[in-house]
Every structure is written in structure tokens, then in C-alpha cells.
Amino acid sequence: MKRLKSVLALAAALAVLLAFGGCTLNQSTTWIAKSGDTTLPAGVYILNLSNNYSSAVSVLQQMYIENAESVNPKNLWKNSLDGKSLNDWIGDKTQESVKNYFAILNRFNELGLSFDEADQALMDQELESYWSEGKESYEKNGISKESVRLQIESRYRSRMIFNSIYGQGGEKEVSDKDLKDYYAENYQNIQYISVSTKDLEGEKLQNRKDLVDQTITRARDGEDFVALLKETERTLLKEQGTAEADLPDRADDYFDNIISASTESYYPEAMVTAVKQMKADELKVVTTDDALILVKKLDPMADQENFQKNRESILSAVKNDEFMEQVAQWAESVQITFNDAAVRRYGAKKILG
């Protein structure tokens, strides 16, 4: 489920850094920006650069979904976004990220917020996880452990400020009712199984259709849908030669899925379209070119425990864009001095191209 957007998605940044070569720092470019008494190391800029590169590639992939060559690495830097060269777009976004860093830091201090022992423990654990996974790549690219720590801290500050505004007891608290209404409208809770029909014809294809027809009929007659999905999966695996002893023993929630705007692309388009039009507890067979999909739509509010568990993520989906606009406004009033030599040295194409 969608989470608060952080100033930096470290996992995405690390993935990019692992794919590219390293860079070295010199004395004049070890820092990227200053504001007040705080000097930000260049490693933070490089991490943000990597993350914004990932964002740019994601946008371009959506733009050129029918033209993969446009996002082929050898052609990537020929693209432009928002009327800017890709290099300039990533650079501008990265400078915005740095401004947001200082805006969040200042607001955190103004609100008198602080990290408690539990926060510190979680941040330390996250830092050690990232560092153990990517130490060599981080250091090769001029990123210290301290830079990674600063970014983790900034994400936690962002979340705490967000909750102080929109969370329970916040100045713009969002009620459970509003969150539930949003959740019910924008998230599709389903159970499903996809029965492949790819490359099947004649009797084999008809057997698959009969299996699906029998399953949906039995479900509509009142048999437990999840039990039927388990049975269907086992039948298909047996057809493929899986031995009885090797058949999976699925948990009841194995077939449960939640479709949101950010995850729609992972599901067949025909199924996403269908479930949006279905009512709670409705059963349907969705036909695609390669499969017959047995799907049941669930009442999103039937599991209150699940709602409470995901409350923060739902709140983020509702208010994160508004929050980031507020952060951008705070950033406008922050006095920042950029190290021009470092900005030039760490151009997106130079580092990532």
C-alpha cells in the first residue's frame, strides 16, 4: 500500500548506484549546501540524484509504454521532461529535494519535535540494513554512512510533521469516516485466481473453460470461494504434473489482494476495469487474451483490523500531495547557499550516464 513519499527512497537510490560507476569527492565538493548552522554533505545530493533518476525513468516508461527503445539506456539521455533536458530535469528535482530537506528540518525544530528511543532504534536498524547491503557501492560513489543516516532521519522527521498535521489530534485531523470513504472508493479488495488459456485450443481449452464455469457456479451456489480457489489451483498443478505431496497448502489469505492506483499496473487491465464496476461480494469471470480470471470483490470495510493496520498508509494516500505542496512552500522561505562547484561536478549525466 502507498506510503509517505520520503525526500529519498533509499532502496531505489541504491539500486541505481549499484548499476553505475563510482565518483570521487575532492575537498571543495564534499558539501552540497548550507543553511544556518547546517552543512549538508555531497553524499546526500548524490543519493537524491539517484532517486530522481529512478523517478525520471519511471515517468518516461509510462510515456513510452509502446516504445521501449526510447528508454533504452543508450537513448535515455536524448529524452526531455517538462520542456527540460533529462539532465536538467533531474538536477532541478535534486536541488528541490535539498531545499525540502532543510524545510523539513526547520519545521521539525520549530514544532519542538524530537526522536524518542524507539525512533532512534528503528533508524539505527534501518541504517545498518542499508549500509550492510550497499556499503561498497555507497563508498565507491562518495556517499558516507553519515549521509545515509541523514536521509533516514529526514524521512522520519517528515512523517512526524505529517502526523502532527493530519494525524489523530492534528491541526487538520482527517477523520476515520473520511479515510474509510476514500479507502472504499479508491481501493479494490479482491480474491482471485488466474487460469491460463495461453496456447490452448480444442479439447484442452474447453476443459479449462469447463473448470472455470464449474467453479464460478459452485461459488454462486454458496460454496466457500477461497476453498474453491485452492481446489482450482491444485487441479491446475496436477494437470501440469505436480505430485500430490508437492501441492501447496495455502493460507486462507493467500488469494487476497488490494488494488490501488499505484498498483493497478501489476494486474490485468481487464480485471482492474471489471472490479471497479463490481459490487461487494459479487463474483465474476474476467476473460483476457491469455487467461480466465475468477474474481470476487470484497467489502473493503469488512475487516476493521486491516483498516486500522493500514490507517497511516491510507492517510498518506489522501493527504501526501497536499503535504508536499506545503513543504515546497516552506522551502521557498529557507535561506540556502548551494556549492556551485559541487552541483556542476555531480551533474546527473556525469554521475549516472
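Keep in mind the model is a prediction, meaning the values are calculated, not measured.
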Between Thr94 and Tyr346, does the side-chain contact (heavy atoms from CB on, under 4.5 Å) criterion hold? Intermediate values first, please. CA-CA 11 Å; Thr94 304; Tyr346 308 120; over 6 Å; no

Quick check: do [X] and [Y] have side-chain heavy atoms less than 4.5 Å from each other?
X      : Y      : answer
Ser260 : Asn186 : no
Glu128 : Asp124 : no
Arg157 : Tyr101 : yes

Go through it in stages, so that I can follow the logic: the residues are Gln188 and Lys297, the test is side-chain hydrogen bond (donor to acceptor under 3.5 Å, both in side chains), and I'd like the CA-CA distance, side-chain angles, deciding distance and then a yes or no. CA-CA 7 Å; Gln188 314 299 324; Lys297 185 169 183 177; 2.9 Å; yes

Got a salt bridge between [X] and [Y], using NZ or NE/NH1/NH2 to carboxylate O under 4.0 Å?
X      : Y      : value
Asp181 : Lys177 : yes
Glu203 : Arg208 : no
Glu231 : Arg234 : no
Lys296 : Glu282 : no
Glu139 : Lys135 : yes

Tyr166: which of Glu322, Lys319, Lys172 passes side-chain hydrogen bond (donor to acceptor under 3.5 Å, both in side chains): Glu322

Counterpart residues, ring-ring contact (aromatic ring centres under 6.0 Å, His included), relative to Phe255 (two or more places apart): none

Show every side-chain hydrogen bond (donor to acceptor under 3.5 Å, both in side chains) that has at least one partner inside residues 221-230, sequence neighbours left out. Arg218-Glu223, Lys230-Asp252

What do the steps show when you test Tyr192 against Phe225 for ring pair (Phe, Tyr, Trp, His ring centres under 6.0 Å), and what is the final call? CA-CA 9 Å; Tyr192 86 99; Phe225 189 64; 9.9 Å; no

Is [Y] reachable from [X] through a run of hydrophobic residues whose side-chain heavy atoms are each under 4.5 Å from the next?
X      : Y      : answer
Leu292 : Ile190 : no
Leu228 : Val285 : no
Met63  : Tyr53  : yes

What's the spacing between [X] [atom1] and [Y] [atom2] if we round to 0.5 Å?
X      : Y      : atom1 : atom2 : result
Leu40  : Ser147 : CG    : OG    : 7.5 Å
Asn207 : Thr235 : CG    : OG1   : 11.5 Å
Asp176 : Gln168 : CG    : CD    : 6.0 Å

Per-pair distances, 0.1 Å, donor-acceptor, side chain in residues 329-342, under 3.5 Å, sequence neighbours excluded:
| unit_1 | atom_1 | unit_2 | atom_2 | d |
| --- | --- | --- | --- | --- |
| Ser333 | OG | Trp330 | O | 2.9 |
| Asn339 | OD1 | Ala341 | N | 3.2 |
| Asn339 | OD1 | Ala342 | N | 3.4 |
| Asn339 | ND2 | Ser28 | O | 2.8 |
| Asn339 | ND2 | Trp31 | O | 3.0 |

Give the minimum heavy-atom separation between Ser194 and Ile293, together with the two atoms involved. OG-CG1, 3.9 Å

For Leu86 versus Leu76, what's the shortest heavy-atom pair and its separation? CD2-O, 3.4 Å

Taking the inter-plane angle between the rings of Phe115 and Phe108 on a 0 to 90° scale, is it parallel (under 30°), tilted (30 to 60°) or perpendicular (over 60°)? tilted

Between the side chains of Asp210 and Gln206, is a donor N or O closer than 3.5 angstrom to an acceptor N or O? yes

